[in-house]
Number of protein chains: 2
Amino acid sequence: MADARKGAASPTAEELDPCDVVRSILGRVGDKWSAVVMDELAAGPRRFNELRRLVSPITQRVLTSTLRALEGDGLVTRTVHPTIPPQVEYALTDSGRALHAIIKNVAAWTDAYLGTVHAARSARKDSAG
Amino acid sequence: MADARKGAASPTAEELDPCDVVRSILGRVGDKWSAVVMDELAAGPRRFNELRRLVSPITQRVLTSTLRALEGDGLVTRTVHPTIPPQVEYALTDSGRALHAIIKNVAAWTDAYLGTVHAARSARKDSAG
DNA sequence: CTGGATCCATGTTGATACTG
DNA sequence: CAGTATCAACATGGATCCAG
């Protein structure tokens, strides 16, 4: 990870470099909704509109693209039940669960350093204003 | 973290809700350069242009704002030595080091699931193209 | 119910030039 | 050396309407 900037070395794959993958994963969980979606999914499989209600004021367009991105990285599975009306279930994969555990570590970190962060942000405002 | 959408409850602080802080931290480490900057800083304090060379094709404008953001969250310290020419040293704080450790966990996750991720991405391309 | 398509507001990143 | 200022390009997220 210490050398993410050297770019792609080989043209046969888009991301052979694990560093790039690390960055893309960080970017994924760092986006606005992925983490909370995964957190809801961690409690069990959910259907589309169920998730939509659960993760708040997310729009369906964004929920769709978030889910697609998660699915595209193998973090989430999408199962279509050919019923009327259609029913689609999303669930975390093993890798998704493992990544979710790491996200929980960030939550724990935040819990531990909440005071530090707030102090730093207050100091920032202090010196700025 | 399961209820990040309920918004701010009190007006006296911008982020009393730990969930919001978790999201902001995820957003910070999920941005394009913060993680690699922290990774370089993990090896020891660095000066501005030193970092600039180290983290590759980052522009100084972006390096500056990245560092400012990190400093604003108390993850990094900025020490100015009033010499000629000016010398500024950046270093990880305790919280920064702890967060960096978590980032390393993501790197470990990537190492463990690299095959899964690539398979998922290939399948994605496969069905898309 | 699930989700595609379009249009739009905004934030983030990057290139470049200039300053103490 | 270590930034700041400005402008342009691009990505992200959101609102709304439409369809299987």
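Convention: sequence-line order gives letters A, B, ...; per-chain numbering from 1.
- Axis deviation across the helix from C/dC1-D/dG20 to C/dG20-D/dC1 amounts to 40°, comparing end segments of five pairs, rounded to 10 degrees.
- If you take CZ of B/Arg78 and P of D/dC1, they are 16 Å apart, rounded to a whole angstrom.
- Side-chain N/O atoms of A/Tyr90 include one lying less than 4.0 angstrom from OP1 or OP2 on C/dG3.
- In this structure, the nucleotide among D/dG3, C/dT2, D/dA2 sitting nearest to the side chain of B/Asn49 is D/dA2.
- Of the candidate nucleotides C/dC1, D/dC1, C/dG3, C/dC1 has the atom lying nearest to any side-chain atom of A/Arg47.
- Side chain of A/Val88, nearest nucleotide from C/dT2, D/dA2, D/dT4: C/dT2.
- The distance between atom CZ of A/Phe48 and atom P of C/dC1, rounded to the nearest whole Å, is 11 Å.
- Rounded to the nearest 0.5 angstrom, B/Leu99 CG and B/Arg28 CZ are separated by 10.5 Å.
- Rounded to whole angstrom, the span from the NE2 atom of B/His81 across to the P atom of D/dA2 amounts to 10 Å.
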* To do: Quick one: do A/Arg68 and A/Arg78 satisfy side chain to side chain contact (heavy atoms under 4.5 Å, CB included)? Show the steps, please.
  => CA-CA 9 Å; A/Arg68 289 273 189 273; A/Arg78 176 175 179 271; 3.2 Å; yes
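- Summarising the geometry of A/Val29 relative to A/Ala35, their closest heavy-atom pair is O-CB, 3.9 Å, with the distance given to 0.1 Å.
- Per the geometry, CZ belonging to A/Arg23 stands 11 Å off P belonging to C/dT13, to the nearest Å.
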* **Criterion salt bridge (charged side-chain N to carboxylate O under 4.0 Å, His left out) on A/Arg23 and A/Asp20, from CA distance to verdict** => CA-CA 5 Å; A/Arg23 292 228 306 204; A/Asp20 288 343; 5.1 Å; no
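- Checking A/Tyr90 against A/Arg46 by side-chain atom types alone, no donor-acceptor pair falls below 3.5 Å.
- Taking atom CD of residue B/Glu89 and atom P of nucleotide D/dC1, one finds them 15 Å apart after rounding to whole Å.
- In this structure, the side chain of A/Ser34 does not engage the main chain of A/Asp31 through any donor-acceptor pair within 3.5 Å.
- Rounded to an integer number of Å, the gap from CG of B/Leu63 to P of D/dT4 is 11 Å.
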* To do: Could you check A/Leu67 against A/Leu51 for side chain to side chain contact (heavy atoms under 4.5 Å, CB included), going step by step and ending with a plain yes or no?
  => CA-CA 10 Å; A/Leu67 253 9; A/Leu51 271 177; 4.0 Å; yes
* To do: Encode nucleotides 6-20 of chain D as B, S and - characters from 5' to 3', where the letter depends on protein heavy atoms closer than 4.0 Å: B to the base, S only to sugar-phosphate, - to neither.
  => B------BBB-B--B
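- One side chain, A/Ser24 or B/Arg121, offers a donor N or O that lies under 3.5 Å from an acceptor on the other.
- We find the CD-CZ distance between B/Glu89 and B/Phe48 to be 14.5 Å, quoted to the nearest 0.5 Å.
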